[in-house]
Undergrad: 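Sharing a structure below in structure tokens format, with a few things to ask.
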Amino acid sequence: QVQLVESGGGLVLPGGSLRLSCAASGRTVSTLAMAWFRQAPGKEREFVAGLKRGQGNTYAADSVKGRFTFSRDNGKNMGYLYMNSLKPEDTAVYYCAASSGSPISMSLRFASTYEYWGQGTQVTVSS
């Protein structure tokens with residue numbers, strides 16, 4: 001059983017940066033496909049960024065490409081979402097997700113790919 005705990009959310013000014021953390025237990029992160037999703041009030045949960053098992057390349061949604069980067073620290077068993085040039089429309093609850101399978105790149109963006117989820121952390125971008 002994999003457990004995920006997010007942290008690092010908060011209030012940030014437009015144009016600012018934030019780092020979200022996802023602490024994993026029960027399995028090493030290098031053996032998991034992982035992703036971040038977000039959900040704003042009244043909206044559907046949407047894919048933000050993902051990592052395939054054992055790989056370091058970020059697969060990112062068009063809305064965050066060039067601004068957000070997802071990486072893993074295998075030694076600490078953590079995943080990190082680095083968010084730069086934040087915009088008010090980035091405001092949402094951010095969720096870390098993981099899969100013990102080996103999804104193809106195209107499948108990373110679907111919530112149904114992941115069987116493990118964290119509880120979420122709130123990110124608010126506002127002046």
Undergrad: Find the distance between OG1 (T124) and CD (Q122) and round it off to the nearest 0.5 Å.
TA: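 Reported to 0.5 Å precision, the distance equals 4.0 Å.
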Undergrad: In terms of hydrophobic clusters joined by side-chain contacts under 4.5 Å, are F47 and Y95 together?
TA: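 Cluster IDs for F47 and Y95 match.
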Undergrad: Do the side-chain N and O atoms of E6 and S21 include a donor-acceptor pair separated by under 3.5 angstrom?
TA: no
Undergrad: Less than 4.0 Å between a side-chain N and a carboxylate O, is that true for D62 and K65?
TA: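 Result for this pair is yes, salt bridge flagged.
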Undergrad: Taking N77 for its side chain and A23 for its backbone only, find out whether a donor-acceptor pair lies under 3.5 Å.
TA: no
Undergrad: When clusters are formed by joining ILVMFWY residues with side-chain heavy atoms under 4.5 Å apart, either directly or through shared neighbours, do Y116 and V48 land in the same one?
TA: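 Both belong to a single hydrophobic cluster.
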Undergrad: Report yes or no: does T69 contribute a side-chain atom to a donor-acceptor pair with the main-chain N or O of Y82 at less than 3.5 Å?
TA: no
Undergrad: In the single-linkage hydrophobic clustering (I, L, V, M, F, W, Y; side-chain heavy atoms under 4.5 Å), do L81 and L108 co-cluster?
TA: no
Undergrad: Do K52 and S105 pass the side chain to side chain contact (heavy atoms under 4.5 Å, CB included) test, and can you show the C-alpha distance, the side-chain angles, and the key distance before you say yes or no?
TA: CA-CA 7 Å; K52 296 175 70 175; S105 303; 3.5 Å; yes
Undergrad: Do R27 and L32 have side-chain heavy atoms sitting under 4.5 Å apart?
TA: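 Counting from C-beta outward, R27 and L32 do come under 4.5 Å.
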Undergrad: Can you measure from CE (M34) to SG (C96) and round to the nearest 0.5 angstrom?
TA: 4.0 Å
Undergrad: Under 3.5 Å, is there a donor-acceptor pair between the side chain of R53 and the main chain of T31?
TA: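 Yes: the side chain of R53 pairs with the backbone of T31.
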Undergrad: Can you confirm whether more than 12 heavy atoms, excluding those of Q119, are under 6.0 Å from its CD atom?
TA: yes
Undergrad: Test side chain to side chain contact (heavy atoms under 4.5 Å, CB included) on R72 and Y80; report intermediate values, then the result.
TA: CA-CA 6 Å; R72 273 185 283 242; Y80 300 106; over 6 Å; no
Undergrad: Go through R38 and S63 one step at a time and tell me if the side chain to side chain contact (heavy atoms under 4.5 Å, CB included) criterion holds.
TA: CA-CA 12 Å; R38 66 187 181 186; S63 58; 3.6 Å; yes
Undergrad: Could you give the distance from CG (D90) to OG (S126), rounded to the nearest 0.5 Å?
TA: 12.5 Å
Undergrad: Determine whether the side chains of S85 and R67 contain a donor N or O and an acceptor N or O closer than 3.5 Å.
TA: no
Undergrad: Quickly, which of N74, L4, V2 forms a side-chain contact (heavy atoms from CB on, under 4.5 Å) with V29? Name it, please.
TA: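 Filter result, single survivor: N74.
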Undergrad: Heavy-atom count check: over 12 atoms from other residues, nucleotides or ligands less than 6.0 Å from E44 CD?
TA: no
Undergrad: Can R109 be said to sit on top of Y59's aromatic six-ring, NZ or CZ under 6.0 Å from centre and within 45° of the ring axis?
TA: no
Undergrad: Measure the spacing between CG of D73 and OG of S30 and express it to the nearest 0.5 Å.
TA: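 The CG atom of D73 sits 11.0 Å away from the OG atom of S30.
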Undergrad: Is the shortest side-chain heavy-atom distance between F68 and L86 below 4.5 Å?
TA: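 They are in side-chain contact.
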Undergrad: Do any N or O atoms from the side chain of Q39 and from the backbone of E46 form a donor-acceptor pair under 3.5 angstrom?
TA: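 It does not hold such a pair.
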Undergrad: So if you build clusters from Ile, Leu, Val, Met, Phe, Trp, Tyr with side-chain heavy-atom gaps below 4.5 Å, do V12 and Y94 land together?
TA: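 Yes; tracing contacts between hydrophobic side chains, which count when under 4.5 Å, links both residues.
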Undergrad: For the pair L51 and N57, evaluate side chain to side chain contact (heavy atoms under 4.5 Å, CB included) and give the outcome as yes or no after the intermediate values.
TA: CA-CA 6 Å; L51 288 172; N57 295 328; 5.8 Å; no
Undergrad: Spell out, as yes or no, whether a donor-acceptor pair under 3.5 Å connects the side chain of T121 to the backbone of G9.
TA: yes
Undergrad: Has T91 got a side-chain atom pairing as donor or acceptor with V125's backbone, closer than 3.5 angstrom?
TA: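 Yes, the answer is positive, given that a donor and an acceptor are paired below the 3.5 Å cut-off.
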Undergrad: What's the shortest heavy-atom distance between A40 and A92, and which atoms?
TA: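 Shortest heavy-atom separation between A40 and A92 comes out as N-CB, 3.8 Å.
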Undergrad: Is it the case that the side chain of S99 and the backbone of G101 share a donor-acceptor pair, with hydrogens and angles ignored and the cut-off at 3.5 Å?
TA: yes
Undergrad: Evaluate the ring planes of F70 and W36, with Trp represented by its six-membered ring, and classify them as parallel (under 30°), tilted (30 to 60°) or perpendicular (over 60°).
TA: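 Judged by the thresholds at 30° and 60°, the geometry between F70 and W36 is perpendicular.
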Undergrad: Can the ring centroids of F37 and Y114 be said to lie less than 6.0 angstrom from one another?
TA: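 When the ring centroids of F37 and Y114 are compared, they turn out to be within the sub-6.0 Å range.
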